[in-house]
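Written below as structure tokens is the structure these notes are about.
Residue numbers start from 1 in every chain, and the chains themselves are labelled A, B, ... in the order their sequence lines are given, proteins ahead of strands.
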Protein chains: 2
Amino acid sequence: MNNLTDYPRPSVAVDTAVLTVDPGSGFVVLQVRRAQGRGWALPGTFLHEGEILADAVERSLADKANIRGLSPRQLHVFDALGRDDRGWVLSVAHVAVVPPEQLASRFAETTRLVPVHAPGRLIYDHADIVRLAVDEVRARYAAMPDPDGLLGAEFTLRDLRLVHEAVAGHDLQRDTFRRAMEPHIVATGATTAGGRGRPAELFRRRPARDTTR
Amino acid sequence: MNNLTDYPRPSVAVDTAVLTVDPGSGFVVLQVRRAQGRGWALPGTFLHEGEILADAVERSLADKANIRGLSPRQLHVFDALGRDDRGWVLSVAHVAVVPPEQLASRFAETTRLVPVHAPGRLIYDHADIVRLAVDEVRARYAAMPDPDGLLGAEFTLRDLRLVHEAVAGHDLQRDTFRRAMEPHIVATGATTAGGRGRPAELFRRRPARDTTR
DNA sequence: CTAATAGTGTCTCTCAGACACTATCCG
DNA sequence: CGGATAGTGTCTGAGAGACACTATTAG
């Protein structure tokens, strides 16, 4: 019978592409400096005993970058035998999107934010993880208004469009974008003031109702 | 430093939803009888030392169901702490689609094929795996003609439509379906003979070219 | 007033869905 | 010929993309 102790077990790691939209640099990924070696990597850690993957992701980000409160999603398990020179290690890649304010308190010396289209040289298969993460988030943002909450609860359509343009990596048409998002948002009644042109309406996300009517 | 031996490691398992289209029962999932207990489960196994996940999937299917030659794709890692009563086990769920002929040689006594819409009672979270697998395959089949090769290299549009209807779980309109698939297939020039009505053209899958023109 | 931004009317093109017609086999 | 199946013309409605118009603010 299958006794759990019959076989050696792999180490299981998590690696996370933490993405945000930076007003200056657009859609960026968080990288951490490697502890012993030189070079940059995605934050990751080994899974501890009795820990679930999401908790390992949160712990790795608290420890390595001083970031808290994420909602990581799984992407893929990387299991190539030679991928990690420390031995037999499976890595479960994750993606997490956070508003830029939440990265303000990150370790300045050992972390950096790099545009996703030119993430630099990364160890192991971390460049693949960034690609998977970016594709996943782009697909989500194409379908819904700011599903990962890069903006607060209320926003103008201009703010929303700028965030979506940063994620998509290209400009979006103002009127088409508005009509695509309108089924998924509700006007609050309030408007902005103090801006240059006509004041803009404020919207909230529609509470995940049926969108087909 | 992170020494790989510092922490206890989880057992890693794979569980696979093997799906096919059965002429009689439609879209079905392969289940295996549990060895020691009663009840049915998806075929799975523990990952052996130095083995990659895809190989573990193939081994589990050869051993438990006498099936070979799959192309499993990863779906999700199930990591809930209490999910397996044998201890700390992560399970990497997979999906594999095979043509029905390839299941002809399966163990008759210990396996069965059950329609995906009523998979019966399954252990652990295997019902969730079936749901994920079905959703993944339906999404792939909605976009491309038989991407997983349930049919052979050549087929009529009727054959193709019947397979897609079985996967989708509902009827598809003949003319609309044809126009949706035509950009992704090439006529061979040959036609069927011996059928009841007008002979049908035979097609092949288009060799993964750019579909936008 | 002009510049700037927000919101919307409307035209066109494409495409899915639907219906119906023609085409070609068997018997 | 009739019955069955394959292939296609065509209409309609929905929706994306694009352009341009109106609306409302600051200065």
Tell me the interatomic distance from [X], atom [atom1], to [N], atom [atom2], rounded to whole angstroms.
X: B:Arg178; N: C:dA18; atom1: CZ; atom2: C1'; value: 17 Å
X: A:Met181; N: C:dG7; atom1: CE; atom2: P; value: 15 Å
X: B:Glu182; N: D:dA6; atom1: CD; atom2: P; value: 14 Å
X: A:Leu202; N: C:dA6; atom1: CG; atom2: P; value: 12 Å
X: A:Asp171; N: D:dA18; atom1: CG; atom2: P; value: 12 Å

From [options], nucleotide with atom closest to [X] side chain:
X: B:Arg174; options: C:dA6, D:dT25, D:dT8; result: D:dT8
X: A:Arg198; options: D:dA18, C:dT5, D:dG7; result: C:dT5
X: A:Arg158; options: D:dA20, C:dT5, D:dT5; result: C:dT5
X: B:Gln173; options: C:dA18, D:dA20, C:dT24; result: C:dA18
X: A:Leu157; options: D:dA6, C:dG7, C:dC25; result: C:dG7

Can you see which heavy atom on B:His94 is nearest to which on B:Ile129, and at what distance?
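Between these two residues, the closest heavy atoms are O-CG2, 4.3 Å.
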
Over all atoms of both residues, closest heavy-atom pair of B:Leu70 and B:Val98:
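Between these two residues, the closest heavy atoms are CD2-CG1, 2.8 Å.
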
Any Lys/Arg nitrogen of B:Asp135 or B:Arg138 sitting under 4.0 Å from an Asp/Glu carboxylate oxygen of the other?
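Not counted as a salt bridge, because no side-chain N and carboxylate O are separated by less than 4.0 Å.
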
salt_bridge(A:Arg83, A:Asp128) N-O dist < 4.0 Å
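So A:Arg83 does not pair with A:Asp128 through a salt bridge.
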
Quick one: which protein N/O atoms are closer than 3.5 Å to N/O atoms of nucleotides 11-16 of chain D? Pair and distance per line, please.
none

Side-chain heavy atoms of A:Val97 within contact of A:Glu136, under 4.5 Å
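With C-beta onward as the side chain, the pair stays apart.
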
When you measure only distances, ignoring hydrogens and angles, does the side chain of B:Arg196 come within 3.5 Å of the base of C:dG27 through a donor and an acceptor?
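No such pair is found, so the answer is no.
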
Give, for atom CZ of A:Phe155 and atom CG of A:Leu162, the distance between the pair rounded to the nearest 0.5 Å.
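That separation rounds to 13.0 Å.
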
CD1/A:Ile123 to CG/A:Asp15 distance, rounded to the nearest 0.5 angstrom?
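That separation rounds to 7.0 Å.
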
